[in-house]
Protein chains: 2
Amino acid sequence: MASQAADGPDTVVASRRSKITPEREREFFDAVLEQIRECGYDAVTMEGVAATTRCSKSTLYRQWKNKTQFVVAALRANRRARFAGIDTGSLAEDLRRAARAAGEWSGKDTRLLQALGHAITQDPELKRALRETLVEPEVAALREILRRGVERGEVRADNPALEYVPAQMFGVLRIRLVLDGEYAGPDYMVRFVEAAVLPALGLD
Amino acid sequence: MASQAADGPDTVVASRRSKITPEREREFFDAVLEQIRECGYDAVTMEGVAATTRCSKSTLYRQWKNKTQFVVAALRANRRARFAGIDTGSLAEDLRRAARAAGEWSGKDTRLLQALGHAITQDPELKRALRETLVEPEVAALREILRRGVERGEVRADNPALEYVPAQMFGVLRIRLVLDGEYAGPDYMVRFVEAAVLPALGLD
DNA sequence: TCATCGATACGGTACCGTACCGATACGGCA
DNA sequence: TGCCGTATCGGTACGGTACCGTATCGATGA
């Protein structure tokens with residue numbers, strides 16, 4: 001958080017004298033995200049995080065103004081782009097890889113999204129943080145996969161199904177818990193892509 | 001439910017002498033469901049429902065043991081089957097109608113599902129009630145639409161895309177808020193069906 | 001007549017965010 | 001290099017707020 005100072009990226013924080021190491025900070029972030037996954041956003045408490053990380057509430061409140069800021073910081077620190085490395089040269093195979101990767105987080109990011117699903121409708125800042133960290137990077141990577149497929153001529157640029165691929169993937173990923181009572185795993189996602197997404201794109 | 005009546009010679013059924021009319025009960029149910037949609041399940045309070053319906057907490061607690069039972073009762077009373085009447089004789093048209101109908105609830109059932117999304121992972125009873133009232137009737141109706149299409153020979157019974165139609169419909173419906181910041185309306189859903197679902201089924 | 005109504009008061013619990021406490025380790029300076 | 005000054009540490013106590021679920025009340029209507 002303080003490391004986003006105006007100077008270089010890895011410049012040591014000169015102003016703050018916090019004794020909290022980056023590893024310790026990550027413990028806080030991991031703890032709060034896990035509590036969100038387990039209990040839901042509303043039920044997460046600063047006291048709970050303090051207890052599980054064996055720090056004091058004071059410490060948390062010294063670093064972050066309130067729960068929202070704390071969670072936003074945790075989300076931002078958790079940003080990753082899981083689809084980014086996928087580029088096999090074949091659109092169908094790229095989509096299979098993406099489906100597999102998506103299915104593999106079900107125990108993590110999907111639960112997080114599930115737990116934050118309603119909170120983001122109430123807190124714009126939280127919504128923005130979630131979109132920037134969990135949604136947009138993955139959607140962008142997925143659209144990049146599709147763009148390369150179009151560029152290679154595997155699918156026509158005006159295929160209307162292209163637009164809905166991200167919604168299909170993330171939608172199916174997320175709805176399975178409600179429909180079937182379990183999270184969508186890699187196998188399920190790959191089967192879904194092969195059965196529904198690829199045919200709609202005119203691929204096999 | 002208030003009667004433990006193990007010893008009383010009186011009626012076991014506890015002759016419901018409640019002055020609460022069915023219309024009044026529906027006010028309670030509507031109020032609690034609307035509060036869930038607006039504030040989320042965790043944030044709903046019996047005091048809030050009592051206030052907005054201008055009844056007393058005592059009244060609510062006389063009828064229902066606690067918040068969970070109250071919400072479960074409200075869900076059960078809200079059960080409907082919105083896809084049930086759809087039968088145009090054409091699978092493609094049936095799916096368009098279903099998509100339009102689905103898009104039309106976005107302001108209601110989808111928000112409810114969104115708000116309950118995490119709560120159902122914690123409370124099995126709530127999960128079951130939600131599935132029985134919001135999920136299963138619609139999925140069953142949708143599968144019935146598909147079954148008729150197969151029967152008419154519009155799509156082969158072994159088309160693997162068949163299995164994923166419900167997941168796609170409800171998944172896309174639900175994920176749009178996260179992806180695009182707005183709920184999926186009827187037009188969006190119809191376009192999605194025409195662009196992705198029908199092609200995967202080999203229609204059009 | 002009397003159970004149920006709405007209203008309200010109650011004790012209990014939980015968490016917020018702040019304030020205060022010694023203990024400690026960082027970091028500037030001799 | 002070694003020693004202090006001091007900010008931050010973990011722990012805890014605090015007042016304030018909110019809601020739970022129960023109990024009690026006079027009024028009401030089947």
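In what follows, chains are A, B, ... by sequence order, proteins preceding strands, each numbered from 1. Hydrogens, waters and symmetry mates play no part in the numbers below; they use all other heavy atoms, side chains included.
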Members of residues 46-57 of chain A that approach DNA chain C, where some heavy atom sits under 4.0 Å away: A/Met46, A/Glu47, A/Lys57
Interatomic distance where CG belongs to B/Asn66 and C1' belongs to D/dT22 [whole Å]: 14 Å
Interatomic distance where CZ belongs to B/Arg62 and P belongs to C/dG6 [whole Å]: 8 Å
Between D/dG29 (P) and B/Ile20 (CD1): distance, integer Å: 15 Å
Nearest-Å distance for atom pair NZ/P, residues B/Lys67 and D/dT22: 16 Å
CA sep, side-chain torsions, deciding dist, call: B/Arg143, B/Glu163, salt bridge (Lys or Arg N to Asp or Glu O under 4.0 Å): CA-CA 9 Å; B/Arg143 293 211 183 276; B/Glu163 175 190 349; over 6 Å; no
Minimum side-chain heavy-atom gap B/Leu162-B/Asn159 below 4.5 Å: yes
Distance-only side-chain donor-acceptor flag, B/Glu125 / B/Gln69, under 3.5 Å: yes
Enumerate all atom pairs, one protein N or O and one N or O from nucleotides 26-28 of chain D, separated by less than 3.5 Å.
| unit_1 | atom_1 | unit_2 | atom_2 | d |
| --- | --- | --- | --- | --- |
| D/dT28 | O2 | B/Lys19 | NZ | 3.1 |

side-chain contact (heavy atoms from CB on, under 4.5 Å) between A/Arg148 and A/Asp87, worked out: CA-CA 9 Å; A/Arg148 285 197 304 263; A/Asp87 185 7; 3.2 Å; yes
Interatomic distance where CZ belongs to B/Phe70 and P belongs to D/dC20 [whole Å]: 11 Å
Residues in ring pair (Phe, Tyr, Trp, His ring centres under 6.0 Å) contact with B/Phe192, at least two apart in sequence or another chain: A/Tyr164
Test log, rule side-chain contact (heavy atoms from CB on, under 4.5 Å), inputs A/Val49 and A/Leu33: CA-CA 10 Å; A/Val49 175; A/Leu33 294 183; over 6 Å; no
Side chain proximity check, B/Arg176 to B/Tyr183, heavy atoms < 4.5 angstrom: no
Over-ring placement of B/Lys67 relative to B/Tyr41, 6.0 Å and 45° cut-offs: yes
Atom-to-atom span, OH of B/Tyr61 to P of C/dT8 - whole angstrom: 18 Å
Any A/Arg24 side-chain nitrogen or oxygen under 4.0 Å from OP1 or OP2 of D/dT8: no
Nucleotide D/dG21, atom P - distance to NZ of B/Lys65 in whole Å: 10 Å
Polar side-chain contact A/Ser58-D/dG11 base: donor and acceptor under 3.5 Å: yes
Shortest non-hydrogen contact between B/Val193 and B/Pro199, atoms and distance: O-CD, 4.0 Å
Separation of atom CD in B/Glu25 from atom P in C/dT4, rounded to whole Å: 15 Å
OP1 or OP2 of D/dG21 under 4.0 Å from side-chain N/O of B/Gln69: no
